[in-house]
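Heavy-atom basis, side chains included; hydrogens, waters and symmetry copies ignored. All values derive from a computational prediction rather than experimental measurement. FYI, the numbering just counts along the sequence from 1. Both ligands and their constituent atoms are indexed starting at 1 by order of listing.
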Amino acid sequence: MTTRIVELRQGILKKNDELARSLRQNFTAAGVLVLNLVSSPGTGKTAFLERTLRDLRARGSRVAALVGDLETDNDARRLAASGAPVRQINTHGICHLDAEMIEKHLTGWEGVELAGLDYLFIENVGNLVCPSSYDLGEKIRVALLSVTEGEDKPLKYPTLFNSADAAVITKMDIAEACRFDRELALRNINEIRPGIRIFETSSKTGAGMEDWLAYLEEQRAKRSS
Ligand SMILES: Nc1nc2c(ncn2[C@@H]2O[C@H](COP(=O)(O)OP(=O)(O)OP(=O)(O)O)[C@@H](O)[C@H]2O)c(=O)[nH]1
Ligand SMILES: [Mg+2]
């Protein structure tokens with residue numbers, strides 16, 4: 001029985017990886033930089049994306065976002081206030097997005113052509129475990145950790161941090177009140193993913209956003225050079 005479950009799971013992941021590979025090829029051909037944002041529920045993914053979308057648009061970039069949640073379109077409505085095209089994906093009980101959901105929601109997205117975008121952001125379902133195993137065809141996986149979650153999370157949930165290309169520490173405006181141990185958090189992230197780019201941000205004050213936006217522009221420039 002256990003063997004069959006493992007085989008079934010491997011089969012699902014293999015199918016996902018194949019589709020993700022073909023999505024990645026399409027994204028590259030269209031010249032759009034795709035990022036997948038992953039964290040616990042409530043880390044501040046939507047708040048961080050609200051600012052990112054608004055700031056990038058103000059700089060003249062063409063951006064769009066897909067956002068995953070089990071239920072509600074709350075996050076899509078928040079993100080759409082930036083003026084960017086946004087599409088909500090409701091997974092109805094599934095704890096992560098997969099490549100098939102991405103493909104399905106890119107199809108027939110009125111007014112959105114991949115080739116007409118500079119950046120596509122995907123906010124994953126709030127979960128530190130399941131999304132780590134599902135490639136969505138993204139170029140950059142971003143792991144977020146807030147100052148309220150505990151500095152040990154990268155050590156306890158290594159799969160996400162290990163597979164991430166960048167890490168974002170959120171809610172730095174309340175770090176002091178939470179007695180957040182910055183050095184320890186940085187050390188723990190680096191232990192799991194040595195040398196990873198880490199951004200320390202606050203979506204309330206805008207701290208750290210300049211560095212983050214510069215990173216995004218640098219990554220895009222890399223793609224087109
Ligand atoms: N102080 C402070 N609060 C923040 C910050 N970013 C987000 N929050 C608050 O944290 C809560 C959760 O933020 P969201 O942006 O909804 O978090 P999320 O990761 O998108 O949550 P899910 O989509 O449910 O996984 C909200 O009450 C936000 O106002 C921040 O930088 N500083
Ligand atoms: Mg959210």
heavy-atom search around atom 31 (O) of ligand 1 in the protein gives Ser203 N, 2.8 Å
For ligand 1, which atoms, with element, lie under 4.0 Å from some heavy atom of Glu123?
-> 20 (O), 23 (O)
Is at least one protein non-hydrogen atom found at under 4.0 angstrom from atom 1 (N) of ligand 1?
-> yes
Check whether any protein heavy atom sits under 4.0 Å from atom 12 (C) of ligand 1.
-> yes
Sidechain N-carboxylate O distance under 4.0 Å for Lys204, Asp173 | no
Using a distance-only test with no angle check, is there a side-chain donor-acceptor pair under 3.5 angstrom linking Asn190 and Arg187?
-> no
Based purely on interatomic distance, does Gly44 place a nitrogen or oxygen under 3.5 Å from a nitrogen or oxygen of ligand 1?
-> yes
Under 4.0 Å from ligand 1, counting heavy atoms only, is it the side chain of Asp173, its backbone, both or neither?
-> side chain
Which residue owns the protein heavy atom closest to atom 8 (N) of ligand 1, what's the atom, and how far is it?
-> Lys171 CE, 3.7 Å
protein heavy-atom neighbour closest to atom 24 (O) of ligand 1 works out as Gly42 N, 3.9 Å
Does any N, O or S atom in Asn74 come within less than 2.8 Å of the Mg ion (ligand 2)?
-> no
The atom of Asp75 among N, O or S that is nearest the Mg ion (ligand 2) is OD2
Return yes when Thr170 approaches ligand 1 closer than 4.0 angstrom through a heavy atom, no otherwise.
-> no
Of all N, O or S atoms in Glu123, the one closest to the Mg ion (ligand 2) is OE2
Salt-bridge criterion met for Glu18 and Lys15 (N-O under 4.0 Å) | no
Taking 4.0 angstrom as the limit, do Glu217 and Arg59 come out as a salt bridge?
-> yes
Per-atom filter on ligand 1: closer than 4.0 angstrom to a heavy atom of Ala47 are 6 (N), 7 (C), 15 (O)
So, are Arg21 and Asp135 salt-bridged, with charged N and O less than 4.0 Å apart?
-> no
Atoms of ligand 1 under 4.0 Å from any heavy atom of Lys204, numbered from 1 in the order shown, are 1 (N), 2 (C), 3 (N), 4 (C), 29 (O), 30 (C), 31 (O), 32 (N)
Which of the ligand 1 atoms, numbered from 1, are nearer than 4.0 Å to a heavy atom of Asp75 = 23 (O)
Which residue pairs pass the salt bridge (Lys or Arg N to Asp or Glu O under 4.0 Å) test with at least one member in residues 30-57, sequence neighbours excluded?
-> Glu50-Arg78
More than 12 heavy atoms from other groups under 6.0 Å of CD on Glu71 = yes
Indicate if Leu144 and Leu160 have the same hydrophobic cluster label, given that clusters are the connected sets of ILVMFWY residues with side-chain heavy-atom separations under 4.5 angstrom.
-> no
Output the list of atoms in ligand 1 that are nearer than 4.0 Å to some heavy atom of Ser202, sorted by atom number.
-> 31 (O)
For ligand 1, the portion of Arg78 having any non-hydrogen atom under 4.0 Å away = side chain
Going by atom types alone, do Asn36 and Glu138 pair a side-chain donor with an acceptor below 3.5 Å?
-> yes
For atom 18 (P) of ligand 1, grab the closest protein heavy atom and report residue, atom and distance to one decimal in Å.
-> Lys45 N, 3.5 Å
Whether His96 and Tyr134 hold their rings parallel, tilted or perpendicular, with breakpoints at 30° and 60° = parallel
